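For reference, the structure is listed below as structure tokens.
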Amino acid sequence: MAKEPVRVLVTGAAGQIGYALVPMIARGVMLGPDQPVILHMLDIPPAAEALNGVKMELVDAAFPLLKGVVATTDVVEACTGVNIAVMVGGFPRKEGMERKDVMTKNVSIYKSQASALEKHAAANCKVVVVANPANTNALILKEYAPSIPEKNITCLTRLDHNRALGQISERLNVQVCDVKNVIIWGNHSSTQYPDVTHATVKTPAGEKPAPELVADDAWLKGEFISTVQQRGAAIIKARKLSSALSAASSACDHIRDWVLGTPEGTWVSMGVYSDGSYNVPAGLIYSFPVTCCNGQWTIVQGIGSANNWILIAMWANFFACYEQSLTSRPFHVPGLSIDEFSRKKLDLTAEELSEEKALAYSCLS
């Protein structure tokens, strides 16, 4: 029997990322080639004409999976009945603006959209925030949508994760699909920590630790990290526009793995609500390595090394899926090994997120 359509909201849908994202969703990149969708597209009134143009193109493309399009500037209409919300719209920082000015604008935007999701979205709606500051915007959304489970509110760090995979792939001259289990820790900002300590690469001789194959600790702790951290700025310099195609593709990856599950033995990076794992302060939206099963994410747990992480990840994912089928309680065992260098990086990005949280909360009133 044909599946019921899933309603997917994209805010800021007339913008660059939205324009790249909506055809991917309509083609099945996000939810699979057999899942019909109804697209809900929201943008601000000045973009209404452009938004209608996007709707016209979606109709003209004749996507078989696309069963309907709602294009609106009304936040209630946009949020009604949605199962998945991709929050692309936000207020960007402009030249001469203070951080608090930007935060105040985004608090206002996300308060309105969160309130509409709270009242009108489908039960168990899944949310990913893309607009920067993504982690803190997600936290604001959580405050104003208290009935949406905290595990259903996430932010996008998959773009950074994919950038890290790409850098290792290029460095080793291997296919990107042969690299896995990099980690993005922390904030979607220049303090994020791209970590390859537990990553591996598929070779003709079997899977090998990525650090062993790179064999350049200075590069891994220096240029690699800064390249991933600053990749967005480098793209703006090259294109004179921000990342759009890669951001849209990564948002699809984020939702697809969350809904359909991560491959066995593989984890991905997601900005999720911290439960205190890895000594990260609880209550932050922080990027962790996660596995996904049955529509639920679980922070990767299990003492790991370059030689035994695959077995650990597989068992952790198995037990997490098993426990999630029996109870809503989280699955906890000791975390992946964190060396001193990594510990400092994890703490640094947590400090920035704590500062952002305090700034956001000061704007809530």
Side-chain angles (χ1 to χ4, degrees), residues 29-30 32 154 156-186 188 192-217 219-221 224-225 227-229 231 246-247 249-272 277-278 287-293 296-321 335-339 342 345-346:
V29 175
M30 177 178 281
T154 66
L156 185 72
T157 57
R158 184 60 174 269
L159 176 54
D160 309 301
H161 181 99
N162 288 350
R163 286 167 170 167
L165 292 174
Q167 289 302 304
I168 297 298
S169 165
E170 287 198 333
R171 180 76 175 189
L172 296 176
N173 194 27
V174 298
Q175 296 296 310
V176 72
C177 59
D178 291 334
V179 185
K180 62 181 180 181
N181 292 2
V182 299
I183 302 169
I184 302 298
W185 298 98
H188 177 60
Q192 65 176 255
Y193 172 41
D195 177 12
V196 298
T197 307
H198 305 281
T200 64
V201 180
K202 184 179 178 182
T203 74
E207 292 195 349
K208 301 290 185 181
E212 178 183 307
L213 294 177
V214 172
D216 189 340
D217 200 47
W219 182 81
L220 287 172
K221 291 184 176 180
F224 164 73
I225 292 174
T227 297
V228 176
Q229 289 174 335
R231 188 68 163 185
S246 56
S249 180
S250 299
C252 287
D253 292 344
H254 176 109
I255 294 293
R256 184 188 63 246
D257 285 344
W258 189 2
V259 172
L260 302 180
T262 46
E264 187 174 283
T266 301
W267 60 67
V268 295
S269 301
M270 289 173 61
V272 300
S277 292
Y278 297 96
S287 184
F288 290 96
V290 304
T291 55
C292 302
C293 182
Q296 299 290 325
W297 56 262
T298 302
I299 295 173
V300 172
Q301 309 285 351
I303 296 174
S305 71
N307 295 320
N308 68 9
W309 68 266
I310 301 174
L311 181 61
I312 289 160
M314 290 170 59
W315 279 107
N317 194 35
F318 170 79
F319 284 119
C321 289
L336 292 169
S337 58
I338 303 294
D339 60 24
S342 297
K345 295 290 188 182
L346 266 67

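Because the structure is a prediction, the values reported are computed rather than measured.
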So do N181 and H198 actually touch side chain to side chain, heavy atoms under 4.5 Å?
no
Polar contact flag, side-chain donor to acceptor under 3.5 angstrom, S250-N162:
yes
V300 and F288: CA distance, side-chain angles, deciding distance, side-chain contact (heavy atoms from CB on, under 4.5 Å) verdict:
CA-CA 8 Å; V300 172; F288 290 96; over 6 Å; no
Given side-chain contact (heavy atoms from CB on, under 4.5 Å), test D160 with Q192 step by step and report yes or no.
CA-CA 9 Å; D160 309 301; Q192 65 176 255; 3.1 Å; yes
With a 3.5 Å cut-off and no angle check, do the side chains of H188 and S287 form a donor-acceptor pair?
no
One should read off an interatomic distance between T197 OG1 and I338 CD1, to the nearest 0.5 angstrom, of 7.0 Å
Quick one: do T154 and W258 satisfy side-chain contact (heavy atoms from CB on, under 4.5 Å)? Show the steps, please.
CA-CA 10 Å; T154 66; W258 189 2; 3.5 Å; yes
Using side chain to side chain contact (heavy atoms under 4.5 Å, CB included) as the criterion, list what pairs up with R256, not counting sequence neighbours.
R158, D253, L260
Gap separating the OG1 atom of T200 from the CD atom of E212, nearest 0.5 angstrom:
11.0 Å
Spatial distance of atom CD1 (I183) from atom CG (D195) [nearest 0.5 Å]:
5.0 Å
Between the OG1 atom in T262 and the CE atom in M270, the distance rounded to the nearest 0.5 Å is 10.0 Å
Closest contact, heavy atoms only, T157 versus I184:
O-CG1, 4.1 Å
Nearest non-hydrogen partners of P194 and F224, listed with the distance
O-CE2, 3.7 Å
So, for W219 and Q167, which heavy atoms are closest and what is the spacing to 0.1 Å?
CH2-O, 4.1 Å
May I ask you to test the V196-L220 pair for a side-chain heavy-atom distance under 4.5 Å?
yes
In this structure, NZ of K180 is separated from OG1 of T266 (nearest 0.5 Å) by 4.0 Å
Verify the neighbour count for atom CZ of R163: are there more than 12 heavy atoms of other residues, nucleotides or ligands below 6.0 Å?
yes
What class does the angle between the rings of Y278 and W185 fall in, given that below 30° is parallel, 30 to 60° is tilted and above 60° is perpendicular?
perpendicular
What's the separation between atom NE2 in H161 and atom CH2 in W267, rounded to the nearest 0.5 Å?
10.0 Å
Between S277 and Q301, do the side chains contain an N or O donor and an N or O acceptor separated by less than 3.5 Å?
yes
Using the side-chain contact (heavy atoms from CB on, under 4.5 Å) rule, take L159 and S246 through it: C-alpha gap first, then chi angles, then the decisive distance, then the call.
CA-CA 7 Å; L159 176 54; S246 56; 3.6 Å; yes
Atom pairs and distances, donor-acceptor, side-chain atoms in residues 168-175, under 3.5 Å, two or more places apart:
{"residue": "S169", "atom": "OG", "partner": "V174", "partner atom": "O", "Å": "2.5"}
{"residue": "S169", "atom": "OG", "partner": "V176", "partner atom": "N", "Å": "3.4"}
{"residue": "R171", "atom": "NH2", "partner": "D216", "partner atom": "OD2", "Å": "2.9"}

Sorted by chain and residue number, the side chain to side chain contact (heavy atoms under 4.5 Å, CB included) partners of K202 (sequence neighbours excluded) come out as D178
